[in-house]
Structure formats: structure tokens, C-alpha cells
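First the structure, in the form of C-alpha cells, and then the observations on it.
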Amino acid sequence: MNSRNLIINDILQFSIALQARKPILGLDLGEKTIGIAISDITRSIATGLTTLRRQKFLSDAQKLKTLALERQVVGIILGLPINMNGSEGPRAQSTRSFAKNLSKIIELPISFWDERLSSSAAEQVLLQADSSRKTRSKVIDYVAATYILQGALDRMQNQRRENYNDR
């Protein structure tokens with residue numbers, strides 16, 4: 001597989017490309033950190049895993065590759081920071097560049113999920129849980145990654161149901 005085949009914009013095509021009964025990672029790329037979540041093997045539930053403090057790209061990519069191998073991950077969902085009006089700005093282009101470069105190091109299918117409002121939704125969940133400011137700052141990135149991954153998982157499951165019902 002070459003890197004052009006690994007980046008799949010359509011979530012259904014991404015789902016079809018995945019090996020069965022293996023988890024996928026969800027990533028929330030920030031300027032200083034990468035929030036990381038993982039699915040269960042049935043791809044029903046996303047769980048926050050950790051937050052990676054960003055360094056140089058190659059170092060970050062190697063850590064992600066090691067994590068993917070350890071967890072037997074078969075795909076990656078990246079949160080795509082789309083503007084509220086639906087356009088893609090510099091942050092979205094940066095995320096797409098990250099995906100392109102990552103696909104050269106990690107040979108797994110990569111797709112994107114609209115992350116609009118994921119950080120604010122994660123913040124709301126943490127506030128409702130009465131988390132302290134210190135706790136929120138430690139976990140916000142992987143909670144946002146969990147929110148992103150869960151959205152993608154829900155869409156993939158809904159598409160599978162729709163396809164099954166169309167038979």
C-alpha cells in the first residue's frame with residue numbers, strides 16, 4: 001500500500017478498508033499536544049487513552065507507530081478542524097499534511113472526522129463531572145479525541161446498518 005491509498009476521505013470507504021475485530025485510534029491534534037483515544041475491537045465504544053506532548057514530527061510519529069503496533073490498531077481517525085462555515089483553513093491543511101506525512105511512517109488507513117465543537121463538548125462533559133481546572137487541562141485533549149472517535153464510530157455503525165437494511 002502506498003501513502004496515497006492510505007488516506008481515505010469517505011468514512012464508509014475507510015470502514016471497508018479496515019481489518020475486522022481490531023481497534024482504531026482517534027487523534028485530536030493540537031499545537032502542543034495530541035489527544036489519543038482508542039476503540040474497542042467491535043468499534044462501538046471510544047475510550048480516552050493518553051495525551052502525547054508534541055515534539056518533532058518524526059518523534060511523534062514513532063510514538064504513535066509504537067502505540068498502534070502495541071494495541072494492534074488497524075486504522076486512524078484524525079479530527080479535522082473545519083471552520084464553522086464549513087470551509088477548511090490553515091489548521092485543517094496542517095492536519096491533512098500531518099496525515100500525509102504520518103501515512104509514510106504508519107502504513108494504516110487514515111480518515112478524518114469533523115471536530116467542530118469537540119473541544120467545547122469535552123469541556124462541557126468535564127465541567128458536568130465537576131472536574132477541577134487542573135484535571136481538565138490534563139485530560140481535555142484525550143477526551144476531545146474520544147469525542148472525535150466516537151462520532152466516527154457511530155457514523156460507521158449507522159452506515160453498516162443502512163447498508164444491511166438496503167439488502
Side-chain angles (χ1 to χ4, degrees), residues 6-30 32-54 60-82 92 95-96 98-99 102-103 105-132 134-167:
L6 294 174
I7 298 175
I8 305 169
N9 287 306
D10 179 79
I11 201 76
L12 178 59
Q13 294 304 313
F14 171 77
S15 181
I16 291 168
L18 300 176
Q19 184 181 348
R21 302 202 55 79
K22 300 275 184 167
I24 57 177
L25 284 182
L27 304 179
D28 178 37
L29 296 179
K32 296 178 182 176
T33 60
I34 301 173
I36 305 171
I38 192 165
S39 76
D40 63 326
I41 62 170
T42 65
R43 299 188 197 123
S44 300
I45 300 169
T47 303
L49 200 54
T50 191
T51 300
L52 176 66
R53 177 122 340 251
R54 291 188 78 170
D60 296 345
Q62 282 305 122
K63 288 177 185 171
L64 290 170
K65 183 176 184 175
T66 299
L67 180 65
L69 289 169
E70 287 172 353
R71 298 292 184 130
Q72 299 180 349
V73 167
V74 294
I76 298 172
I77 295 286
L78 278 171
L80 188 63
I82 296 174
T95 299
R96 288 190 184 279
F98 183 92
L102 187 62
S103 71
I105 295 169
I106 301 176
E107 292 193 14
L108 294 174
I110 298 173
S111 195
F112 303 99
W113 188 254
D114 182 350
E115 73 167 33
R116 279 182 278 192
L117 306 177
S118 63
S119 291
S120 60
E123 183 81 22
Q124 284 301 313
V125 167
L126 293 169
L127 285 170
Q128 288 173 357
D130 206 24
S131 300
S132 69
K134 185 177 180 182
T135 299
R136 285 194 311 268
S137 70
K138 287 182 182 176
V139 301
I140 189 73
D141 296 311
Y142 73 76
V143 172
T146 304
Y147 189 86
I148 290 163
L149 181 56
Q150 190 64 56
L153 294 174
D154 291 347
R155 182 65 185 132
M156 287 188 289
Q157 286 208 339
N158 287 339
Q159 282 183 322
R160 281 195 299 268
R161 277 190 215 111
E162 289 168 10
N163 288 344
Y164 180 77
N165 291 334
D166 287 344
R167 291 182 189 177

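The two residues Ile105 and Ala61 have their closest heavy-atom pair at CD1-CB, 3.7 Å. Pro109 and Val74 get closest at one heavy-atom pair: CD-O, 3.2 Å. Considering every non-hydrogen atom in both Ile11 and Trp113, the closest pair reads CD1-CE3, 4.3 Å. Nearest heavy-atom pair, Ala145 versus Gly26, reported as atom, atom and distance to 0.1 Å: CB-O, 3.7 Å.
With hydrogens and angles ignored, the 3.5 Å screen pairs a side-chain donor or acceptor of Gln150 with a backbone N or O of Ser44. In this structure, the side chain of Thr146 does not engage the main chain of Ala46 through any donor-acceptor pair within 3.5 Å. Under a 3.5 Å cut-off, the side chain of Ser111 and the backbone N or O of Ile8 do form a donor-acceptor pair. A donor-acceptor contact shorter than 3.5 Å is absent between the side chain of Arg54 and the backbone of Ile34.
Remark: Lys22 NZ to Ile41 CD1 distance equals 8.5 Å, nearest 0.5 Å. With values rounded to the nearest 0.5 angstrom, Phe14 atom CZ is found 14.5 Å from Arg155 atom CZ. Going from atom CG of Leu12 over to atom CD1 of Ile16 covers 4.0 Å, rounded to the nearest 0.5 Å. In this structure, CG in Leu149 is found 10.5 Å from CZ in Arg43, a value given to the nearest 0.5 Å. For the atom pair CG of Asp28 and CD1 of Ile148, the computed distance is 4.0 Å after rounding to the nearest 0.5 Å.
In this view, Ala99 and Ile7, Leu78, Ile110, Phe112 satisfy the side chain to side chain contact (heavy atoms under 4.5 Å, CB included) rule, not counting sequence neighbours. Take Arg53 and apply the salt bridge (Lys or Arg N to Asp or Glu O under 4.0 Å) test, not counting sequence neighbours, and it matches no residue. With sequence neighbours excluded, the residues forming a side chain to side chain contact (heavy atoms under 4.5 Å, CB included) with Arg71 are Ile38, Leu49, Leu67, Val73, listed by chain and number.
Proximity of Thr33 to Leu52: side-chain heavy atoms (C-beta onward) are nowhere separated by under 4.5 Å. Looking at Leu108 and Leu6, their side chains never come closer than 4.5 Å, going by heavy atoms from C-beta outward. In this structure the side chain of Ile82 never reaches within 4.5 angstrom of the side chain of Glu115, judged on heavy atoms. Between Ile45 and Leu153 the shortest side-chain heavy-atom distance does not fall below 4.5 Å. For the pair Ile36/Leu64, a side-chain contact is recorded, criterion being any heavy-atom separation below 4.5 Å from C-beta on.
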